[in-house]
**Q** 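Questions regarding the structure given below will be posed in turn.
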Amino acid sequence: MQQPIAGFDFWRDLLRFNGTAGRLVLGRVLVFGALACLIWLLEIWLVEQTTGTSLAIDLTPYEVAGVALGLLLVLRTNAGYDRWWEARKLWGGIVNQSRDLVVVAVANGPREPRWREEVVRWTIAFAHASRRSLRSEREAPELANLLGVEEAARVAAAEHMPGYVSAKIAELLAAALAEQQMSGFAFQQADRSRSLLLDHLGGCERIRKTPLPLAYAVKIRQFIFLFLLALPFALIARVGWLTPVVTTLVAYPILALDEIGAELQQPFSTASLNHLPLDEICATIEGNLLAHLDRN
């Protein structure tokens with residue numbers, strides 16, 4: 001396999017624009033740059049019209065405010081990342097418990113091919129139903145391929161799609177136990193994995209339904225607005241005609257960090273640039289579990 005050129009990733013990421021927060025904040029950055037330009041033009045007009053009059057003020061208060069703003073942005077970004085990372089760990093648990101459930105069920109359950117296939121397919125269906133549920137989607141063509149059109153329609157019509165799928169898995173396990181084709185110990189192990197699947201999904205639903213407090217985001221954005229709006233007044237005396245340029249360069253990372261913090265709050269929404277790759281995760285689960293049928 002050909003090795004990547006050293007340092008290539010740095011330059012590739014440096015020049016990347018699509019799929020980044022920069023694309024989302026560009027309009028806001030240009031607005032603050034335009035306001036800085038107007039302030040600079042007003043400063044020139046005042047100097048020309050009235051001797052000694054200037055809009056410039058001391059830079060020291062902005063240096064202190066900048067430190068405070070930086071801390072707030074870091075706290076918000078970290079809070080968003082904590083939510084994103086917790087969601088990823090929960091989905092890692094769904095991957096692991098799906099594998100455990102199928103391994104225990106196939107190894108210790110009935111030898112009947114139909115039963116084994118149903119356990120595998122319904123376990124895969126749980127991952128797909130969870131993904132669709134977290135995205136508030138009802139259409140799931142992949143379920144029709146796994147379960148058939150009628151069963152897929154029943155899943156889509158259920159109030160809680162993953163819960164319906166989990167109940168079907170529980171029925172399959174209970175039937176195997178009742179027919180004495182699965183030991184009590186194996187049943188407990190498989191049912192525990194099934195229960196943990198719902199626990200992990202419940203954690204994801206908690207993240208989805210409990211965003212960061214609105215007041216927190218509003219106050220930070222009000223602080224950002226006031227800081228960037230007033231910044232040109234502190235720059236005029238120091239950088240002159242470069243005031244709009246410097247303001248734009250300062251506004252870009254501040255607004256980008258604010259947007260990143262907002263994006264990370266919604267790890268399941270496809271509208272977010274940084275949403276979890278749930279399609280790929282579900283495809284991994286499906287491939288891993290179907291392989292158990294191929295080996296048997």
Side-chain angles (χ1 to χ4, degrees), residues 7 9-33 35-36 59-94 131 134-136 200-232 234-235 245-281:
D9 287 347
F10 172 83
W11 297 110
R12 182 193 61 191
D13 292 341
L14 177 67
L15 300 174
R16 177 177 294 173
F17 191 69
N18 289 331
T20 66
R23 179 171 60 86
L24 300 177
V25 303
L26 181 60
R28 281 167 264 174
V29 171
L30 293 177
V31 167
F32 283 107
L35 290 173
L59 184 62
T60 303
Y62 294 94
E63 293 175 342
V64 176
V67 173
L69 179 58
L71 291 174
L72 287 174
L73 287 173
V74 168
L75 288 173
R76 181 179 181 182
T77 303
N78 286 344
Y81 182 76
D82 285 343
R83 291 166 57 85
W84 186 92
W85 183 238
E86 184 183 0
R88 182 61 187 90
K89 289 191 293 184
L90 289 167
W91 265 90
I94 291 176
R131 170 171 56 91
L134 291 171
R135 292 176 176 176
S136 299
H200 293 314
L201 175 62
C204 292
E205 290 173 340
R206 169 177 50 80
I207 293 172
R208 176 177 174 268
K209 295 179 181 179
T210 314
L212 291 178
L214 179 61
Y216 186 56
V218 169
K219 288 303 178 183
I220 289 179
R221 287 185 166 176
Q222 289 175 345
F223 191 2
I224 290 173
F225 176 78
L226 293 174
F227 178 83
L228 293 178
L229 182 64
L231 182 61
L235 295 175
V245 177
V246 176
T247 300
T248 300
L249 293 176
V250 173
Y252 179 78
I254 290 176
L255 293 172
L257 282 174
D258 171 68
E259 188 64 32
I260 290 171
E263 289 274 312
L264 290 173
Q265 291 183 55
Q266 302 296 334
F268 308 116
S269 173
T270 54
S272 171
L273 294 177
N274 299 282
H275 64 273
L276 290 175
L278 298 186
D279 294 333
E280 291 79 0
I281 294 173

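Owing to the predicted nature of the structure, the values given are computational and were not obtained by experimental measurement. Every heavy atom of this structure was used, including side-chain atoms; hydrogens, water molecules and symmetry mates were not.
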**Q** Can you tell me how far apart SG (C204) and CG (L278) are? Round to the nearest 0.5 Å.
**A** 8.0 Å

**Q** Measure across T247 and P232 and return the closest heavy-atom pair with its distance rounded to 0.1 Å.
**A** OG1-CG, 3.8 Å

**Q** Specify the closest pair of heavy atoms between V25 and E259, including all atoms of both residues, with the distance to one decimal.
**A** CG1-CB, 3.6 Å

**Q** By side chain to side chain contact (heavy atoms under 4.5 Å, CB included), which residues pair with R76, not counting sequence neighbours?
**A**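 Per chain and number, R76 pairs via side chain to side chain contact (heavy atoms under 4.5 Å, CB included) with Y216, A217, I220, R221, D258, A262, Q265.
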
**Q** Within this structure, what is the OG1-CD distance for the pair T210 and E205, rounded to the nearest 0.5 Å?
**A**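 Result: 10.5 Å between the selected atoms.
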
**Q** Just verifying a value: how many Å separate F225 CZ and R28 CZ, rounded to the nearest 0.5 Å?
**A** 13.0 Å

**Q** So which heavy atom on V29 is nearest to which on Y252, and how close?
**A** CG2-CA, 3.7 Å

**Q** Can you check whether E263 reaches S272 side chain to side chain, under 4.5 Å on heavy atoms?
**A**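 Yes, close enough: below the 4.5 Å cut-off.
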
**Q** Contact between Q266 and P211 at the side-chain level, heavy atoms closer than 4.5 Å - yes or no?
**A**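 A side-chain contact under 4.5 Å exists here.
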
**Q** Is L255 close to L228 at the side-chain level, that is, under 4.5 Å between some pair of heavy atoms?
**A** yes

**Q** Out of curiosity, F223 CZ to L73 CG, how far, rounded to the nearest 0.5 Å?
**A**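 Those atoms lie 9.0 Å apart.
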
**Q** Give me each pair satisfying side-chain hydrogen bond (donor to acceptor under 3.5 Å, both in side chains) with a member in residues 83-92, each pair once, sequence neighbours excluded.
**A**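 Pairs touching residues 83-92 that pass the test: E86-R206.
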
**Q** If you take all heavy atoms of I94 and L201, which pair is closest and at what distance?
**A**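 Heavy atoms of I94 and L201 come nearest at CD1-N, 4.4 Å.
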
**Q** Working to the nearest 0.5 Å, report the span between CG of L72 and OG1 of T77.
**A** 10.5 Å

**Q** Compare every heavy atom of A87 with every heavy atom of I207, then report the nearest pair and how far apart it is.
**A** CD1-N, 3.7 Å

**Q** So, for Y62 and F227, which heavy atoms are closest and what is the spacing to 0.1 Å?
**A**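 That would be O-CE1, 3.5 Å.
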
**Q** Nearest 0.5 angstrom please: L276 CG to T270 OG1, how far?
**A** 12.0 Å

**Q** Provide the full list of salt bridge (Lys or Arg N to Asp or Glu O under 4.0 Å) pairs with a residue in residues 63-72, sequence neighbours left out, each pair given once.
**A** none

